[in-house]
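Just the heavy atoms: all of them, side chains too, but no hydrogens, waters or symmetry mates, feed the values below. Note that ligands are numbered from 1 as they come in the structure, with each ligand's atoms numbered from 1 the same way. In what follows, residues are counted from 1 in the order of the sequence shown.
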Amino acid sequence: MDFIRFKKSIPQNVNIIAVSKTKPVEKIKQIYDLGHKDFGENKVQELIKKHEELPDDINWHLIGKLQRNKVKYIAPFIHLIHSVDSEKLLSQINKEGDKNNRIINVLLQIKISNDPLKTGFDFSELEKIISSDKFLEYKFVKVLGFMGMGSIDQSKNEEEFRKISNYFNKTSKIYDLKYLSLGMSNDYKLAIKYNSNMIRIGSLIFGFRN
Ligand SMILES: *Cc1c(COP(=O)(O)O)cnc(C)c1O
């Protein structure tokens with residue numbers, strides 16, 4: 001696809017994360033050479049390898065499940081972790097941020113779908129966490145917003161997106177949140193309609209994955 005044309009079709013306030021998982025560095029370089037800097041991966045090992053091989057000024061986003069024992073590998077350079085789905089993980093990221101003397105930006109993943117493989121906080125859990133004092137003790141983590149993934153059954157997406165969007169609108173001013181990471185290749189238009197300002201686009205940019 002024509003990446004430049006795609007970019008032009010997206011409202012300017014919406015950040016595009018080019019999801020490059022399983023794709024070779026040459027393909028990433030092609031998009032990078034068009035001036036794009038934000039790339040997303042879902043596996044730590046693959047992300048580290050690509051980070052080593054590609055230019056330093058790429059903003060790397062982790063969008064997949066993160067195990068606590070792997071935080072240390074990405075802590076020195078990660079731009080944004082979209083997939084924080086537990087308090088234990090948050091605490092571990094804070095620890096590694098401290099060690100690296102940098103504040104690590106994260107999004108809290110909200111479970112908006114009942115699909116078995118999709119994780120994240122429930123809305124009620126989330127409310128407890130972001131309003132707790134403990135939250136303020138995480139000096140090396142900055143929560144910039146929320147991430148959500150719609151159900152595979154697309155007929156459910158509108159209701160799911162409306163819910164997370166309402167919650168984001170309600171909380172963003174109180175907690176100084178910037179990003180709602182919502183929408184992939186097949187549902188980004190709907191996500192943007194529901195206030196998403198960060199879309200994670202893989203197959204539409206890089207072609208289908210095996
Ligand atoms: C793979 C992936 C995407 C991109 O999916 P496409 O359908 O290829 O756009 C977005 N978000 C997450 C969390 C992913 O794992």
### Query
Is the closest side-chain donor-acceptor distance between E158 and Y194 under 3.5 Å?
yes
Could you tell me, for ligand 1, which of its N or O atoms are under 3.5 Å from any protein N or O, listing the pairs and their distances rounded to 0.1 Å?
from	atom 1	to	atom 2	distance (Å)
ligand 1	8 (O)	S203	N	2.7
ligand 1	8 (O)	S203	OG	3.0
ligand 1	8 (O)	R209	NH1	2.8
ligand 1	8 (O)	R209	NH2	3.1
ligand 1	9 (O)	S185	N	3.0
ligand 1	9 (O)	S185	OG	2.5
ligand 1	9 (O)	G202	N	2.8
ligand 1	11 (N)	R200	NE	2.8
ligand 1	15 (O)	K21	NZ	2.7

### Message
Under 4.5 Å between side-chain heavy atoms, counting indirect links through other Ile/Leu/Val/Met/Phe/Trp/Tyr residues: same cluster for L66 and L80 or not?
### Response
no
### Query
Is a donor on one side and an acceptor on the other found under 3.5 Å between the side chain of N42 and the backbone of I63?
no
### Summary
The salt bridge (Lys or Arg N to Asp or Glu O under 4.0 Å) partner of K50 among E53, E46, E52 is E46
#### Entry: From CA spacing to verdict: side-chain contact (heavy atoms from CB on, under 4.5 Å), R102, I78
CA-CA 10 Å; R102 72 187 287 259; I78 197 76; 4.1 Å; yes
### Query
Same hydrophobic cluster for F39 and I199, using side-chain heavy-atom links shorter than 4.5 Å among ILVMFWY?
yes
